[in-house]
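A short worksheet on the structure shown next.
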Number of protein chains: 2
Amino acid sequence: MNEQQVGALRFHIDFSQPLYEQILDQVRSSIAKGEIGLGEKMPSVRELAQELRMNPNTVMRAYMELERDGLTEKRRGQGTFVTSSAERVKTFRTDLAARYIESFMAQMESLGMTWEDIEDYVRRRSRAEEGGPTS
Amino acid sequence: MNEQQVGALRFHIDFSQPLYEQILDQVRSSIAKGEIGLGEKMPSVRELAQELRMNPNTVMRAYMELERDGLTEKRRGQGTFVTSSAERVKTFRTDLAARYIESFMAQMESLGMTWEDIEDYVRRRSRAEEGGPTS
DNA sequence: TAAGTGTATTATATCACTTAGTACACTTAA
DNA sequence: TTAAGTGTACTAAGTGATATAATACACTTA
C-alpha cells in the first residue's frame with residue numbers, strides 16, 4: 001500500500017516524517033541490502049521528484065546527504081550513481097547499525113529495561129510469529 | 001553536565017529535541033524507574049517552568065501528555081500527582097518498551113541486520129565495557 | 001481573603017520543511 | 001552546433017510545529 005517503484009528503488013512515502021528523510025532512509029536501505037547494485041545509476045533528481053510528486057529541491061536534499069554518507073557519487077551532466085566501493089557500503093551499514101543500537105539501548109535503559117528483558121521479549125516475539133506473516 | 005534536579009525529578013535539557021518532548025521522556029523515565037514514587041506530588045507547572053527557564057505552556061503540554069499516558073493525575077487547586085496505581089505504571093512501561101523494540105527491529109531489518117547480528121554486537125559491546133565506566 | 005493550583009485564550013516569533021520558479025555549468029547524443 | 005538531460009544554486013513564499021508572552025478564570029487550601 002502506497003508502494004512505489006522507481007527503477008531499482010522502492011518507496012513508501014507518508015506524512016510521519018520529513019519527506020527528504022524518508023527518501024534518505026529508504027535509499028540507504030536499498031543500497032545496504034543490495035537491492036540497487038554497486039555503481040548502478042540512480043534516478044535523476046528531476047525524475048524522482050516527478051515520480052514521487054515532490055519538489056526537486058526536496059529530492060536534492062536527500063541526494064546531498066547520500067553523497068555525504070559516501071553512498072553515492074555525482075557526475076555533472078551524467079547523473080547520480082551508487083558508489084562502486086563495497087567496502088564503503090559495508091562500513092556505512094555497520095556504523096549506522098551501531099548508532100541505532102546505541103540509541104536503542106539508551107532508550108531501554110531509560111525505562112530500566114535490561115538486555116535480558118529485551119532478549120525475553122524478542123524470544124516471545126519470534127515464537128508468536130511461527131507460521132505468522134509470510135512478509 | 002547540564003543536569004538539573006527539581007524535587008524528585010532530574011532533567012537534562014538540550015536543543016536536540018522539542019523541549020516538551022524532553023520533559024515528557026524524562027518524567028516518564030523517572031516514573032518508570034520509580035525515582036519518583038507512586039502518588040508523589042510533581043512540581044507545579046509554574047515551578048517547573050521557572051526552574052527549567054521555560055514557558056509554563058511548554059511544561060503544560062508535557063503534563064497533558066503524561067496524564068493521557070495515565071501516569072499522572074491532576075487535582076484542581078492542589079497540583080499534579082504521580083498515579084497511585086503500580087499496575088498502570090507497569091503496563092505503560094512494558095507497552096512503551098514494546099513499541100521501542102518494534103521500531104528498533106524495523107530499523108535494523110531495513111539495513112538487512114538479523115537478530116544474531118544484534119546479539120553479536122551487544123556481546124562485543126559489553127565485553128568492551130568490562131571495568132569500563134562505573135556509570 | 002490571599003496564595004497556589006490547573007486551565008484557557010490570544011498574540012507573536014522563530015525555525016524546519018516544502019514548494020515554486022529561474023538560471024547556470026556540464027555531458028552526451030543527434 | 002544544437003538540444004536534451006544532468007547536477008547545482010539562488011530567491012521567494014507558504015505552512016506547521018514549537019516556544020514565548022501576557023492575561024484571565026475556576027478551584028483548593030490555609
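All chains are named by letter (A, B, ...) in the order of the sequence lines, taking the proteins before the strands, and each is independently numbered beginning at 1. Just the heavy atoms: all of them, side chains too, but no hydrogens, waters or symmetry mates, feed the values below.
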Secondary structure of DNA chain D in dot-bracket form (Watson-Crick or G-U wobble, distances below 3.5 Å, | marking inter-strand pairs): ||||||||||||||||||||||||||||||
Interface with DNA chain C, restricted to residues 38-58 of chain B and to heavy atoms under 4.0 Å: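 Those residues whose heavy atoms fall under 4.0 Å from DNA chain C, taken from residues 38-58 of chain B in numerical order, are B:S44, B:V45, B:R46, B:N57.
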Members of residues 7-16 of chain A that approach DNA chain C, where some heavy atom sits under 4.0 Å away: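 Correct list: empty, so none.
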Distance check needed: [N] [atom2] versus [X] [atom1], whole Å only.
X: B:L66; N: C:dG6; atom1: CG; atom2: P; answer: 12 Å
X: B:Q78; N: D:dT28; atom1: CD; atom2: P; answer: 8 Å
X: A:M64; N: C:dT18; atom1: CE; atom2: P; answer: 14 Å
X: A:Y63; N: D:dA9; atom1: OH; atom2: C1'; answer: 18 Å
X: A:M60; N: D:dT11; atom1: CE; atom2: C1'; answer: 14 Å
X: A:R75; N: C:dT28; atom1: CZ; atom2: P; answer: 10 Å
X: A:Q17; N: D:dA17; atom1: CD; atom2: C1'; answer: 15 Å
X: A:L19; N: D:dT15; atom1: CG; atom2: P; answer: 17 Å

Hey, is the main chain of [Y] close enough, under 3.5 Å, to the side chain of [X] for a donor-acceptor pair?
X: A:R93; Y: B:L111; result: yes
X: B:Q22; Y: B:Q17; result: yes
X: A:S126; Y: A:V122; result: yes
X: B:D14; Y: B:S16; result: yes
X: B:D117; Y: B:T114; result: yes
X: A:S103; Y: A:R99; result: no

OP1 or OP2 of [N] under 4.0 Å from side-chain N/O of [X]:
X: A:K74; N: D:dT6; answer: no
X: A:R61; N: C:dC17; answer: yes
X: B:Y20; N: D:dT18; answer: yes
X: A:T80; N: D:dG7; answer: yes

same_hphob_cluster(B:Y20, B:V59) at 4.5 Å side-chain heavy-atom cutoff: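 No, it is not one cluster - the side chains of B:Y20 and B:V59 are not joined through contacts under 4.5 Å.
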Spacing of B:T83 atom OG1 and B:F92 atom CZ [to the nearest 0.5 Å]: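 Going from OG1 on B:T83 over to CZ on B:F92, the span is 12.0 Å.
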Value rounded to 0.5 Å, distance of CG in B:L66 from NZ in B:K74: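 Output value for this atom pair is 8.0 Å.
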Axial cation check for B:F81 ring with B:R75, 6.0 Å and 45° limits: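 Yes, B:R75 and B:F81 form such a contact.
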B:R76 vs A:R76, nearer the 5' end of DNA chain C by closest nucleotide: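 The 5'-side residue here is B:R76.
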Position toward the 5' end of DNA chain C (nearest nucleotide), A:E21 or A:G77: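 In this pair, the answer is A:E21.
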Exceeds 12 heavy-atom contacts within 6.0 angstrom, atom CD of A:Q50: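 No, the 6.0 Å shell around CD holds no more than 12 heavy atoms from other groups.
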Salt-bridge contact B:K90-B:E87 (side-chain N to carboxylate O under 4.0 Å):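 Salt bridge: no.
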